[in-house]
Amino acid sequence: MKLRDLLGQDVLGNDAAIEPAVAALDVSGVALDSRVVKPGDLFFALAGSKTDGARFIDAAVAAGAIAIVGDHAPAACKVPFIAATNPRRALALAAARFFTAQPATIAAVTGTSGKTSVAAFTRQIWERLGHASASIGTIGLVSPKRTVYGSLTTPDPIALHRQLDEIAREGVTHLAFEASSHGLDQYRLDGVHISAGGFTNLSRDHMDYHPTVAHYLAAKLRLFRELIPPGGAAVISADHDCSAEAIDAAKARGLRIMAVGRNGDGAGEGIRLTEAVVEGFAQKLTVEHRGRGYAIRLPLVGEFQIENALVSAGLAIGTGSDAANVFASLEHLEGAKGRLERVGERNGAPIFVDYAHKPDALAKALQALRPYAKRRLVVVFGAGGDRDAGKRPIMGAIAAENADGVIITDDNPRSEKPDAIRAAILAAAKGAREIGDRAAAIRAAIEELEDGDALLIAGKGHETGQIVGGEVLPFSDHEAVAAALASRIA
Ligand SMILES: CC(=O)N[C@H]1[C@@H](OP(=O)(O)OP(=O)(O)OC[C@H]2O[C@@H](n3ccc(=O)[nH]c3=O)[C@H](O)[C@@H]2O)O[C@H](CO)[C@@H](O)[C@@H]1O[C@H](C)C(=O)N[C@@H](C)C(=O)N[C@H](CCC(=O)O)C(=O)O
Ligand SMILES: Nc1ncnc2c1ncn2[C@@H]1O[C@H](COP(=O)(O)OP(=O)(O)OP(=O)(O)O)[C@@H](O)[C@H]1O
Ligand SMILES: N[C@H](CCC[C@H](N)C(=O)O)C(=O)O
Ligand SMILES: [Mg+2]
């Protein structure tokens with residue numbers, strides 16, 4: 001591919017002409033990290049949170065970069081330098097031109113909680129309606145041909161566009177993916193042809209990255225303000241304080257608004273939840289769409305899963321699927337791994353693994369499990385190191401208030417002292433116990449379960465490692481529960 005095919009004025013955000021000899025250069029790849037540059041690559045020098053890619057231009061050239069894109073020219077550069085107003089956005093748009101194929105129908109979902117679940121549900125709905133479907137997010141890529149683990153919720157633009165191209169060539173026509181606030185803020189999704197966007201909710205998260213809540217919300221709203229073209233669908237959960245702002249942002253862009261939830265637009269394009277009744281480990285819902293009523297048995301535990309299911313249904317309907325078929329398919333949804341997943345029981349007490357690692361999610365998960373605890377609701381959780389420290393006491397207080405037994409343990413302490421993290425949670429969790437070793441904490445909680453109890457193990461969900469220092473030690477809540485239950489039988 002020629003350099004001129006990747007970099008136009010729209011990509012670079014300026015009207016500087018590229019010299020014809022430079023425009024005619026052959027480009028064999030795009031790169032954002034000097035350490036993976038291959039001969040023939042176009043290197044994007046990005047100013048980051050830890051360092052500046054401009055410092056690695058010489059290293060990129062030594063590795064074979066044929067030209068550099070950045071926002072400021074280095075003092076000296078052995079290969080052509082091309083200025084871009086916003087190099088991160090330029091990278092994403094260039095990656096979209098380099099990897100040309102994308103599934104025809106793409107839905108993106110943002111919000112503090114529920115993204116992974118909505119991406120998984122939307123994929124399942126489409127699949128049931130006969131489309132070759134995939135999802136990309138926190139649990140990686142899930143597609144008919146393969147499942148690939150991914151380390152970021154929204155992959156970097158090169159990884160993202162490479163995957164879009166691969167799955168489209170494998171025949172995937174429908175994709176649902178997660179738009180994290182980091183991803184939106186860092187322009188990782190620009191260049192993706194998004195036909196519908198979902199918005200679940202907003203609560204405290206990532207306060208180590210976003211300077212203010214307004215900045216955090218603005219990052220999320222980029223999906224509606226800038227990324228979905230006018231005429232696309234905006235499926236917005238209507239039951240939150242921030243819902244009106246999200247709807248206004250989408251309206252201003254000329255998107256088709258589909259408000260869903262108890263305050264949803266049942267008479268029109270949206271989905272209104274008119275009734276929800278817990279029935280064992282399922283929930284019976286009545287919803288209204290375009291003035292017509294539908295009864296649905298949602299086979300999932302947790303009130304918040306209703307929000308996730310309705311946003312997913314909206315995304316499928318908003319991209320052209322038949323409403324009656326979509327609602328019927330909700331009866332077959334399977335929860336994403338480690339999202340209020342019932343993984344076993346002891347003495348008749350159900351044990352759930354959940355990924356709640358932020359205050360609102362922990363509160364919602366505990367409230368969702370209350371109906372299953374006639375006696376004691378017990379929670380085992382911790383908080384990640386090198387992440388927002390402010391959430392620790394908040395989560396401690398939420399646990400003390402919403403559970404009858406609280407065990408504070410470790411959850412990826414990373415470079416921090418595990419006992420200091422635990423102490424910060426314990427300070428606000430009256431009556432909580434402390435068992436640092438997560439397997440031991442899970443064992444202790446299971447050991448004490450009696451009929452009428454319910455146990456929530458929160459924070460790690462699908463994760464398969466415990467990050468201590470720089471090391472990832474193999475660990476899974478699922479395996480820890482299985483081992484504890486097996487040792488009881490032995
Ligand atoms: C804080 C953050 O989001 N960082 C992301 C950002 O990195 P950065 O540009 O700030 O990195 P940097 O270390 O300052 O380096 C600047 C530039 O120099 C380059 N460099 C650096 C060293 C070198 O030797 N050579 C070189 O070229 C780097 O490749 C980079 O381009 O851009 C990178 C490329 O897109 C991301 O991989 C990286 O994610 C890091 C690994 C990360 O941990 N991100 C997390 C916080 C994250 O994004 N999480 C969200 C939300 C999770 C959720 O709630 O679900 C996610 O989407 O996963
Ligand atoms: N709609 C919701 N409202 C509130 N809490 C929710 C909702 N959906 C999920 N949760 C809680 O958040 C946890 C994470 O859910 P999920 O993985 O679907 O969200 P996410 O937005 O992808 O999160 P992350 O940003 O951590 O990847 C769940 O395990 C549950 O505790
Ligand atoms: N995407 C989130 C996941 C946190 C999961 C929790 N187990 C933790 O390590 O804090 C993050 O990296 O902040
Ligand atoms: Mg996620």
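This is a predicted model, so every value here is computed, not measured. Order of listing sets the numbers, starting from 1, for every ligand and every atom in it. For the numbers below, each heavy atom of this structure counts, side chains included, while hydrogens, waters and symmetry mates do not. Residue numbers run from 1 in the order of the sequence given.
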Practice problem: For the pair Q283 (side chain) and G302 (backbone), establish whether a donor and an acceptor sit closer than 3.5 Å, ignoring hydrogens and angles. | Solution: yes

Quiz item: How would you list, by chain and number, the residues with a heavy atom under 4.0 angstrom from ligand 3?
Solution: Y355, H357, G384, R387, D411, N412, R414, G459, E463

Practice problem: Kindly confirm or rule out a cation-pi arrangement of R342 over F281, judged by NZ or CZ under 6.0 Å from the six-membered ring centre and within 45° of its axis? | Solution: yes

Self-check item: Salt bridge present between E166 and R146 (N-O < 4.0 angstrom)
Solution: yes

Exercise. Indicate yes or no: does R35 engage D33 in a salt bridge with an N to O separation below 4.0 Å.
Key: yes

Exercise. Could you walk me through whether M258 and I271 pass the side chain to side chain contact (heavy atoms under 4.5 Å, CB included) test, one step at a time?
Key: CA-CA 7 Å; M258 298 173 68; I271 305 168; 5.5 Å; no

Quiz item: Closer than 2.8 Å to the Mg ion (ligand 4), which protein N, O or S atoms?
Solution: T116 OG1, T138 OG1, E178 OE1

Exercise. Test ring-ring contact (aromatic ring centres under 6.0 Å, His included) on H161 and F98 and set out the steps.
Key: CA-CA 8 Å; H161 283 285; F98 187 81; over 10 Å; no

Quiz item: Looking at D185, T110, D190, which one forms a side chain to side chain donor-acceptor pair (under 3.5 Å) with R222?
Solution: D190

Quiz item: Is the backbone N or O of I435 less than 3.5 Å from a side-chain atom of T409, with the two atoms forming a donor-acceptor pair by type?
Solution: yes

Give every pair made of an N or O atom of ligand 1 and a protein N or O atom lying under 3.5 Å apart, one pair per line with both atom names and the distance to 0.1 Å, or write 'none'.
unit_1, atom_1, unit_2, atom_2, d
ligand 1, 3 (O), Q186, NE2, 2.8
ligand 1, 3 (O), R188, NH2, 3.4
ligand 1, 9 (O), R88, NH2, 2.6
ligand 1, 10 (O), S49, N, 2.7
ligand 1, 10 (O), S49, OG, 2.8
ligand 1, 14 (O), S49, N, 3.0
ligand 1, 14 (O), K50, N, 2.6
ligand 1, 14 (O), T51, N, 2.9
ligand 1, 14 (O), T51, O, 3.4
ligand 1, 24 (O), R35, NE, 3.2
ligand 1, 25 (N), D33, OD1, 3.4
ligand 1, 25 (N), S34, OG, 2.8
ligand 1, 27 (O), S34, N, 2.8
ligand 1, 27 (O), S34, OG, 3.4
ligand 1, 29 (O), L32, O, 3.0
ligand 1, 31 (O), L32, O, 3.0
ligand 1, 48 (O), R188, NH1, 3.4
ligand 1, 48 (O), R188, NH2, 2.8
ligand 1, 54 (O), H206, NE2, 2.7
ligand 1, 55 (O), T153, OG1, 2.5
ligand 1, 57 (O), T153, N, 3.4
ligand 1, 57 (O), T154, N, 3.1
ligand 1, 57 (O), S180, OG, 2.6
ligand 1, 57 (O), R188, NH1, 3.1
ligand 1, 58 (O), T153, N, 2.6

With a cut-off of 3.5 Å and sequence neighbours excluded, list every side-chain donor-acceptor pair involving residues 47-60.
unit_1, atom_1, unit_2, atom_2, d
T51, OG1, R55, NH1, 3.0
D52, OD1, A54, N, 3.0

Exercise. Could you tell me whether a side-chain N or O of S237 sits under 3.5 Å from a main-chain N or O of F199, the two making a donor and an acceptor?
Key: no

